[in-house]
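Structure first, then comments.
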Amino acid sequence: MQKSGKTLTDDQVSARVEAILAGMSLEEKIGQLNQIGGAEWSQGPKPEEVIRRGGAGSVLWLNDTRKFNALQKIAVEESPSKIPLLFALDVIHGYRTIFPVPLAMASSWDPDVAERAQAVAAKEARAAGLHWTFGPMLDIARDARWGRIVEGAGEDPYLGAAMARAQVRGFQGETLGETDRLVACAKHFAGYGAADGGRDYDPVYLSETQLRNVIFPPFQAAVKAGVGTFMSAYMDLNNVPASGNHWLLRDVLRGEWGFEGFVVSDAMAVANLVIQGHARDARDAAFRGLYAGVDMDMASHTYSNHLAGLVKDGTLDPAIIDASVRSILAIKVRMGLFENPYVDETLLEKVAALPEHRQEARRAAQRSMVLLRNEGGLLPLAKTLRRVAVIGPLADSMEATEGSWLVFGHKPAAVTVLQGIRARLPQAQVSYAPGPDIRRDLGNMFEDWMNEGKTPPQTPEESDAAFEHAVDVARGAEVVVMVLGEKANMAGEFASRASLDLPGRQEELLKAVVALGKPVVLVLLNGRPLSIPWAAENVPAILEAWEPGSEGGTAVADILFGDANPGGKLPATFPRKSSHSPLYYARTLTHLPESSPNYRSRYWDGLPTPVYPFGYGLSYTTFAFSNLKVSAAEVKLGASLEVSVDVTNTGKLAGDEVAQLYIHQRAGLDSRPMRELKGFRRITLQPGETQTVTFTLGPEELGYWSTNAGKWVQEAEAFDVWVGGDSTASLHAEFNVVR
Ligand code: NOJ
């Protein structure tokens with residue numbers, strides 16, 4: 001492999017940065033802080049012109065290898081200081097080979113899967129000429145109405161931090177500068193997942209306690225893992241826009257955590273400071289954004305239009321600009337862009353054709369699927385079946401299989417569930433009917449830009465005919481596989497929902513098919529927890545396949561026919577109704593806890609208990625947890641203890657279980673959540689095999705940020721600990737932390 005910036009010491013990097021900086025004009029420095037759009041619809045002057053005068057440091061929304069080289073040539077040969085450009089794009093869950101969406105990857109409870117997936121994504125994207133991805137998204141989301149829950153690791157900060165570390169390592173490698181990796185970007189800092197009502201972009205109100213204990217841990221983990229860049233979020237956080245938030249970006253991120261990379265705003269977020277009622281005008285927005293700690297302005301041209309004026313009239317200290325330029329140049333130096341600014345235009349096709357990429361995608365999809373129900377052992381299905389019906393609007397949809405947020409210009413090419421089943425049953429008659437169409441009530445901006453979603457809706461007659469046809473097709477089968485859920489554009493940005501039901505007439509169709517009395521398997525393709533209480537009681541087998549990527553249909557077939565045994569677990573609670581959102585397991589106790597009969601007082605029109613709790617998931621085999629031991633009944637403040645448990649495969653097949661450890665601090669300065677995940681391990685067990693799993697609990701796991709103390713504390717108090725296969729685990733022990 002070519003060597004690059006990764007062999008440089010910190011001192012060598014700064015010496016290079018200082019040498020470059022010394023030769024730059026103010027205009028060129030401001031250029032480095034300007035990220036311009038390369039798409040046709042991007043605002044501003046033509047990229048070539050801006051780049052030629054040194055007016056841009058980075059280009060986004062472009063996915064064209066030859067154009068990358070052409071623009072880079074202008075930057076390194078014609079611009080005044082010849083500084084190479086950073087090419088950036090949202091590479092969220094794969095570039096050419098599409099992996100399961102991040103929420104699905106979190107369902108694997110296997111950080112190694114996420115790391116390997118992002119390493120493949122990085123390799124393909126880098127081969128295409130990209131340097132920088134806007135991922136991982138680290139927003140904790142406890143409200144499934146928020147569409148972007150699909151892009152993150154779900155509701156839990158501990159699981160979220162593990163997935164954050166893994167993804168940063170996967171994208172970046174050990175250190176920045178590997179020639180087959182990207183710079184990662186931890187986004188959206190911070191709080192975006194807690195939008196009021198789950199409505200995308202709406203204001204967020206989070207106490208410092210929630211921020212520090214719940215929202216920040218994945219971001220802090222990313223900093224510790226060496227993430228190169230951060231993205232500031234759009235929305236108001238406690239009435240201060242995140243992209244104008246000095247406390248977040250300077251005091252916490254740099255001051256407390258020691259982050260040394262650079263911060264890019266979300267798209268147009270600097271200009272938005274005016275719309276949001278924070279800045280008076282664009283000039284004021286430029287000042288506020290930079291002063292707050294946004295180094296690079298994504299796509300709004302606010303810095304390039306106003307920073308020079310602010311320096312010239314003495315409002316802005318040019319040292320602030322220098323500091324931002326330094327952090328951007330340092331990344332370019334570390335990435336080796338000065339030595340290797342161009343990409344080999346023949347590389348991508350070779351890299352994307354590597355068979356191991358498809359294999360990794362298939363394995364990741366298998367490991368991320370969650371078996372929610374399997375009454376009477378309906379699954380796995382026999383490969384001797386002769387007549388199978390595959391029904392549903394997503395059964396043959398490549399788009400729904402690859403899921404939301406694919407890279408610009410990518411054409412979905414997934415193996416669909418229908419294709420996967422047909423390939424597994426070459427002798428059988430596998431019939432298919434999509435049933436009635438499903439669609440969003442309101443389109444989204446991506447559809448407007450990309451000219452999608454313009455087909456007219458089905459008429460009621462067409463919908464009825466499709467419904468009847470689907471029921472007829474099901475009637476002729478020995479087993480029916482229903483593939484229902486959400487289309488790719490139903491989760492993601494601009495894709496919040498007020499309802500978490502199966503959209504359209506899908507549940508009606510499901511009921512009609514179940515009423516035929518055949519064995520029915522429900523395969524869900526969706527990007528968020530859905531409320532499926534009827535299915536959970538009436539459909540014998542349910543597989544949550546999420547948006548499983550290029551090999552999704554193959555992986556579904558692997559699981560349906562027993563070539564793989566599901567072992568994924570839910571990374572977010574499945575509420576009974578959307579109106580129960582936000583619903584999550586790590587709540588504090590109330591004076592009427594769930595164990596009290598008066599718990600019914602929460603709502604009088606139905607219990608708010610989840611349909612499926614956090615951490616839940618079945619297997620084709622069964623497991624037992626026993627012999628829970630703590631290494632000491634007492635542990636001193638600051639010291640660690642060990643918790644061990646035996647996990648036994650009590651069934652007849654090899655399979656995976658995720659041992660999950662939860663703690664509860666019984667009393668203290670603040671009330672503590674009734675349960676908090678503080679350890680997990682996914683293990684494979686042969687039938688009859690027992691493994692002892694050991695977890696360590698130290699000050700990091702046992703401490704928290706206290707409202708009453710206004711700082712991090714660890715207290716000498718009594719603790720409960722549970723270990724089991726989900727967040728309702730009952731195997732219990734206790735210990736005391738003492739002085
Ligand atoms: C807006 C989104 O919020 C962000 O996640 C994304 O990275 C940028 N646009 C760039 O496409």
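Counting starts at 1 for both ligands and their atoms, following the listed order. Throughout, numbering of the chain's residues begins at 1 and tracks the sequence.
Counting the atoms of ligand 1 from 1 in the order shown, those under 4.0 Å from a heavy atom of D266 are 1 (C), 2 (C), 3 (O), 4 (C), 6 (C), 8 (C), 9 (N). Heavy-atom contacts of E493 reach the following atoms of ligand 1: 1 (C), 2 (C), 3 (O) (cutoff under 4.0 Å). Taking every non-hydrogen atom of K187 and a distance limit under 4.0 Å, the qualifying atoms of ligand 1 come out as 4 (C), 5 (O), 6 (C), 7 (O).
Put simply, the side chain of M298 reaches to within 4.5 Å of the side chain of S265, judged on heavy atoms.
Side-chain contact, T229 with W132: a donor N or O sits under 3.5 Å from an acceptor N or O. No donor-acceptor contact under 3.5 angstrom links the side chains of W546 and N526, judged on distance only. Between the side chains of Y201 and E493, at least one donor N or O sits under 3.5 Å from an acceptor N or O.
What sits closest to atom 5 (O) of ligand 1 on the protein, heavy atoms only, is H188 NE2, 2.6 Å. Residue, atom and distance of the protein heavy atom nearest to atom 6 (C) of ligand 1 are D90 OD1, 3.2 Å.
Between E360 and R116 there is a salt bridge, since a side-chain N of the basic residue sits under 4.0 Å from a carboxylate O of the acidic one. Between D90 and K187 there is a salt bridge, since at least one side-chain N of the basic residue sits less than 4.0 Å from a carboxylate O of the acidic one. One finds no salt bridge joining R145 and D202 here, because no Lys/Arg side-chain nitrogen approaches an Asp/Glu carboxylate oxygen to under 4.0 Å.
At least one heavy atom of W61 lies less than 4.0 angstrom from ligand 1. At a 4.0 Å cut-off, not a single heavy atom of M137 sits close enough to ligand 1 to count as contact. Under a 4.0 angstrom heavy-atom cut-off, E151 registers as lying outside contact with ligand 1. Residue contacts with ligand 1 include W405, since one or more of its heavy atoms lies under 4.0 Å from the ligand.
The N/O atoms of Y234, backbone and side chain alike, include none that comes under 3.5 Å of an N/O atom in ligand 1.
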